[in-house]
Amino acid sequence: MSSFDLNLARVFVLLYETGSVTATAETLHVTQPTVSYSLAKLRRHFDDELFRRTGRGLTPTAGAQRLYEPLQRALAGMDAVIRQDDDFDPATMSGRFTVALSDLGQVTLLPRLAAAARERAPRVSFTVRPLDVDAAESQLRRGELDAFVATPVLTSHRTVRIPLFHERYVGMVASDHPRIRGASVTLVDLAAEHHATVYGPHGHVVPRSLLATHGLLERVAVDATRFTTLPYLLEHTDLIAIVPEYVGEVFTASHRLRLVQLPFNTEPIEVALYARHEASRSPSERWLVQFMADVLGELVSPAQLPPSAG
């Protein structure tokens, strides 16, 4: 592949992954007309429109979808060779990254990331934004985010989803709850108690779904906007809340709370890291994605432990 062809391939891959002439131009440090000119050449070369403009940006045609994987693979191979002297060294180089986390992520995952960064990359800093699952992929595509962590499975050809760990749900009550005293609750117990739930753009919809499945939404006494309000709410009331188990363990370590097993099985949820495709990342962004995957992938929740270890 000639240098000129390599440049065209890079334009194609970036247009496919970002869905934006503007974002592609910014990534390549060229003007938008330059990208548009390259797209015209690509269309003539492949005799295909390749991308159609829609309300969500540039949408690839079936022809573009067939071309993407071989071109991306060839480009990644070339980049692996070219980038050998273009890596980000976290020990000596500085960088500021913008990541989106839910309020739960900011309480439970951010401390792990920050502690590891202070040790491994002391000149790296983070800007943390609240996670909006409906907007996060667009923010990532526009370069407003470098990465985000979410539980909903978001499928888009413009992002990469990297599984981190699994979670399951448990009940959480005040340590001196007047009625719930054992290590588990029955469905009758749940039906008799009043609940606290959380509703918002954070992506944790399972607790409310479980209550709805068992006809218990009418037992919700408090519907908050943030999970981080729950520990303060529960330790001063007789309410019960359904929360991810690892999160519950963090809350019970610092509040007068305890966890109880639910009377029904819940499918473990997978917490995942989302980022742009590797070809669209800068050297520092490639380091960030690997760093976050390494640090958060080390987290083992009870949902991942064998029965003998749980």
If you compare all heavy atoms of [X] against all heavy atoms of [Y], which two are closest, and at what distance to 0.1 Å?
| X | Y | answer |
| --- | --- | --- |
| Ala196 | Ala241 | O-CB, 3.5 Å |
| Glu167 | Val271 | CG-CG2, 4.3 Å |
| Leu210 | Ile242 | CD1-CG2, 4.2 Å |
| Leu233 | Thr237 | O-OG1, 3.0 Å |
| Leu164 | Ala272 | CD1-C, 4.0 Å |
| Trp287 | Pro90 | NE1-CG, 3.2 Å |

One pair to check against side chain to side chain donor-acceptor pair (under 3.5 Å): Thr18 and Ser20. What are the steps and the verdict?
CA-CA 5 Å; Thr18 66; Ser20 167; 5.1 Å; no
Do [X] and [Y] have side-chain heavy atoms sitting under 4.5 Å apart?
| X | Y | value |
| --- | --- | --- |
| Ser184 | Val260 | no |
| Leu140 | Glu144 | no |
| Pro263 | Leu190 | yes |
| Arg281 | Leu288 | no |
| Val250 | Val107 | yes |

Point-to-point distance, once rounded to the nearest 0.5 Å, from [atom1] of [X] to [atom2] of [Y]:
| X | Y | atom1 | atom2 | value |
| --- | --- | --- | --- | --- |
| Asp189 | Thr186 | CG | OG1 | 3.0 Å |
| Met292 | Arg112 | CE | CZ | 12.0 Å |
| Leu50 | Tyr68 | CG | OH | 14.5 Å |
| Ile269 | Thr151 | CD1 | OG1 | 5.0 Å |
| Leu14 | Thr24 | CG | OG1 | 5.0 Å |
| Leu259 | Leu257 | CG | CG | 8.0 Å |

Qualifying residue for side chain to side chain contact (heavy atoms under 4.5 Å, CB included) with [X], from [options]:
| X | options | answer |
| --- | --- | --- |
| Val21 | Leu15, Val11, Thr34 | Leu15 |
| Val247 | Val170, Thr252, Thr108 | Thr108 |
| Leu230 | Thr197, Val243, Asp103 | Val243 |

Sequence neighbours left out, what passes side chain to side chain donor-acceptor pair (under 3.5 Å) with [X]? Give chain and number order.
| X | result |
| --- | --- |
| Glu69 | Arg73 |
| Glu26 | none |
| Gln106 | none |
| Gln65 | none |

Quick one: which residue pairs count as a salt bridge (charged side-chain N to carboxylate O under 4.0 Å, His left out) with a foot in residues 206-217, not counting sequence neighbours?
Arg208-Asp223
Please collect all salt bridge (charged side-chain N to carboxylate O under 4.0 Å, His left out) contacts where either partner lies in residues 178-187, sequence neighbours excluded, each pair once.
Arg179-Glu193, Arg179-Asp238
Hydrophobic clustering (ILVMFWY, side-chain heavy atoms < 4.5 Å, transitive) - are [Y] and [X] grouped together?
| X | Y | result |
| --- | --- | --- |
| Phe264 | Ile240 | yes |
| Phe291 | Met93 | yes |
| Tyr232 | Val220 | no |

Applying side-chain contact (heavy atoms from CB on, under 4.5 Å) to Phe51 and Thr61, what does each step give before you reach the verdict?
CA-CA 6 Å; Phe51 301 98; Thr61 65; 6.0 Å; no
Residues Leu234, Val173; criterion side-chain contact (heavy atoms from CB on, under 4.5 Å); working and verdict:
CA-CA 6 Å; Leu234 297 185; Val173 296; 5.9 Å; no
Verify the ring-centre separation between Phe12 and His45: is it less than 6.0 angstrom?
no
Donor-acceptor pair, side chain of [X] and main chain of [Y], under 3.5 angstrom:
| X | Y | value |
| --- | --- | --- |
| Arg219 | Ala192 | yes |
| Arg43 | Glu49 | yes |
| Arg161 | Tyr274 | no |
| Arg168 | Pro268 | no |
| Arg118 | Pro122 | yes |
| Tyr16 | Gln72 | no |

Describe, in one word, how the ring planes of Phe88 and Phe97 are oriented to each other, choosing from parallel (under 30°), tilted (30 to 60°) and perpendicular (over 60°).
perpendicular
Parallel, tilted or perpendicular: which fits the ring planes of Phe165 and Tyr246, with parallel below 30° and perpendicular above 60°?
perpendicular
Are Asp146 and Arg276 within salt-bridge range, i.e. N to O under 4.0 Å?
yes
